[in-house]
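A short write-up of the structure that comes next.
Keep in mind it's a predicted model, so treat the numbers as computed, not measured.
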Amino acid sequence: QVQVVESGGGLVQAGGSLRLSCAASGSIFSFNYMGWYRQAPGKQRELVAAITSGGTTNYADSVKGRFTISGDNAKNTVYLQMNSLKPEDTDVYYCAADLRFVVGGPFMRYWGQGTQVTVSS
């Protein structure tokens, strides 16, 4: 069974830091892309940060310079270090993972259930 599980969310004061993790488990051969998205109530899901297995990263303009995404290919795990948090960062954060299970097989998109990040002023 494939699982994508986020952790590390919580409540933090403005200016503080959190570190989110996302681990994909199961009979996984590799990933080519993992990313963090956020979705506040009533709003569309948006990309926060993403990384490819080759190390290429991408960030939303609103988090550049504050958030850092990193990955561990061997563990099929991605991390999001969030510094200088602002109240507007409050959201449910979701992990997306593009996974394949055999060499040369197709990549499939899997989503975690989300982890709540709340930043108080």
Side-chain angles (χ1 to χ4, degrees):
Q1 294 291 321
V2 176
Q3 291 184 294
V4 177
V5 180
E6 305 101 329
S7 62
L11 175 65
V12 66
Q13 294 287 107
S17 298
L18 287 172
R19 185 174 184 254
L20 307 184
S21 64
C22 172
S25 63
S27 186
I28 300 166
F29 180 77
S30 66
F31 76 92
N32 74 332
Y33 171 97
M34 295 182 75
W36 287 98
Y37 295 73
R38 63 189 180 190
Q39 186 172 25
K43 296 187 179 295
Q44 295 186 63
R45 189 169 297 185
E46 65 173 348
L47 176 69
V48 178
I51 189 168
T52 70
S53 60
T56 301
T57 59
N58 189 34
Y59 297 92
D61 288 343
S62 60
V63 307
K64 287 180 179 177
R66 300 189 297 120
F67 292 8
T68 303
I69 190 169
S70 61
D72 185 332
N73 292 358
K75 295 183 179 295
N76 295 308
T77 300
V78 67
Y79 306 93
L80 185 66
Q81 180 66 46
M82 304 187 294
N83 298 326
S84 302
L85 283 161
K86 304 175 181 179
E88 51 263 44
D89 295 319
T90 295
D91 254 320
V92 178
Y93 285 70
Y94 297 88
C95 178
D98 290 350
L99 310 173
R100 69 179 177 186
F101 303 92
V102 296
V103 63
F107 288 94
M108 301 291 291
R109 170 60 60 89
Y110 291 85
W111 290 92
Q113 292 298 115
T115 185
Q116 177 70 47
V117 171
T118 303
V119 184
S120 65
S121 59

Assess the residue pair Val117 and Asp91 against the criterion (side-chain contact (heavy atoms from CB on, under 4.5 Å)); give the C-alpha distance rounded to whole Å, side-chain angles, the decisive distance to 0.1 Å, and a yes or no.
CA-CA 6 Å; Val117 171; Asp91 254 320; 5.9 Å; no
Might you point out which heavy atoms bring Ala14 and Ser121 nearest each other, and give the distance in Å?
CB-CA, 4.4 Å
If Ile, Leu, Val, Met, Phe, Trp and Tyr residues are connected whenever their side-chain heavy atoms lie under 4.5 Å apart, and connections chain through other members, are Val4 and Phe107 in the same group?
no
Do any N or O atoms from the side chain of Asp72 and from the backbone of Thr77 form a donor-acceptor pair under 3.5 angstrom?
no
Under 3.5 Å, which donor-acceptor pairs link side chains of residues 20-35 to any protein atom two or more places apart or in another chain?
unit_1 : atom_1 : unit_2 : atom_2 : d
Ser21  : OG     : Ser7   : OG     : 2.6
Ser30  : OG     : Arg100 : NE     : 3.2
Tyr33  : OH     : Tyr37  : OH     : 2.7

Take Leu18 and Phe67, measure what side-chain contact (heavy atoms from CB on, under 4.5 Å) needs, and give me the verdict at the end.
CA-CA 10 Å; Leu18 287 172; Phe67 292 8; over 6 Å; no
Given the rule in the side-chain contact (heavy atoms from CB on, under 4.5 Å) test, do Arg45 and Tyr94 qualify, once you have shown the distances and angles that lead to the verdict?
CA-CA 9 Å; Arg45 189 169 297 185; Tyr94 297 88; 3.6 Å; yes
For residues Val119 and Trp36: do they belong to one hydrophobic cluster (side chain heavy atoms under 4.5 Å, members Ile, Leu, Val, Met, Phe, Trp, Tyr)?
yes
Is any NZ, NE, NH1 or NH2 atom of the basic residue among Arg66 and Asp89 found under 4.0 Å from an Asp or Glu carboxylate oxygen of the other?
yes
If two hydrophobic side chains count as joined below 4.5 Å and joins carry through other members, does Met82 share a cluster with Tyr59?
yes
Verify same cluster id: Leu47, Val92 (apolar side-chain graph, 4.5 Å)
yes
Linking I/L/V/M/F/W/Y whenever their side-chain heavy atoms sit closer than 4.5 Å, directly or via other members, would Ile51 and Val63 fall into one cluster?
yes
Looking only at heavy atoms, which two atoms of Tyr93 and Arg38 are closest? And how far apart?
OH-NH1, 2.9 Å
Establish, for the pair Arg109 and Trp111, whether the NZ or CZ atom is under 6.0 angstrom from the six-membered ring centre and no further than 45 degrees off its axis.
yes
Between Gln81 (side chain only) and Arg19 (backbone N and O only), is there a donor and an acceptor less than 3.5 Å apart?
no
Please assess Thr90 against Gln116 for the test side-chain contact (heavy atoms from CB on, under 4.5 Å), listing each intermediate value before the final yes or no.
CA-CA 8 Å; Thr90 295; Gln116 177 70 47; 4.0 Å; yes
Heavy-atom neighbours of Gln113 CD exceed 12 at 6.0 Å
no
